[in-house]
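Have a look at the structure below, then the notes.
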Amino acid sequence: MKNNIRVERAIKNITQADLAELAGVSRQTINTIESNKYVPSTVLALKIARIFGKPVEEVFILEEED
C-alpha cells in the first residue's frame, strides 16, 4: 500500500509531529507509515484522511500486489 501523507502534510504545512498529535499516535508511527514500512489500522487511516479532509482512497493507494 502506498500513501500520499508526505504530500498532504506539505500542502497543509504540518510536521510529522503535528499530524501524530492530531491523530493520537507517535511521530514514529507517522514516519513508518510514510515510509511504507507499516500499514495503519482502518481507524488510523480514516483519522488521517479526515485530518486532511480527503477520502481515504486519496491518501492511501492499494497496489496490485496488496
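The structure presented is a predicted model; accordingly, all values stated were derived computationally and were not measured.
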Can you tell me how far [atom2] of [Y] sits from [atom1] of [X], rounded to the nearest 0.5 angstrom?
X     : Y     : atom1 : atom2 : result
Ser35 : Arg6  : OG    : CZ    : 6.0 Å
Ile51 : Ile48 : CD1   : CD1   : 6.5 Å
Asp18 : Arg9  : CG    : CZ    : 8.5 Å
Arg27 : Glu21 : CZ    : CD    : 13.5 Å

Practice item. Under the side-chain contact (heavy atoms from CB on, under 4.5 Å) rule, what do Val7 and Phe52 come out as? Steps first, then yes or no, please. Key: CA-CA 11 Å; Val7 172; Phe52 294 133; over 6 Å; no
Which pair of heavy atoms, one from [X] and one from [Y], lies closest together, and at what distance?
X     : Y     : result
Phe60 : Pro40 : CE2-CG, 3.7 Å
Ala23 : Leu44 : CB-CD1, 4.0 Å
Asn36 : Lys2  : OD1-CA, 3.7 Å
Ala49 : Pro55 : CB-C, 4.1 Å

Review point. Just wondering, do Val39 and Asp66 contact through their side chains at under 4.5 Å, heavy atoms?
Key: no
Check for me, please, whether [X] and [Y] land in the same ILVMFWY cluster - side-chain distances under 4.5 Å, paths through other members count.
X     : Y     : value
Leu46 : Leu62 : yes
Leu19 : Met1  : yes
Ile11 : Val56 : no

Review point. Near Glu64 CD, under 6.0 Å, is it more than 12 heavy atoms from other residues, nucleotides or ligands?
Key: no
Check your understanding: Checking side chain to side chain contact (heavy atoms under 4.5 Å, CB included) against Glu34, which of Ile5, Asn4, Thr29 comes through?
Key -> Ile5
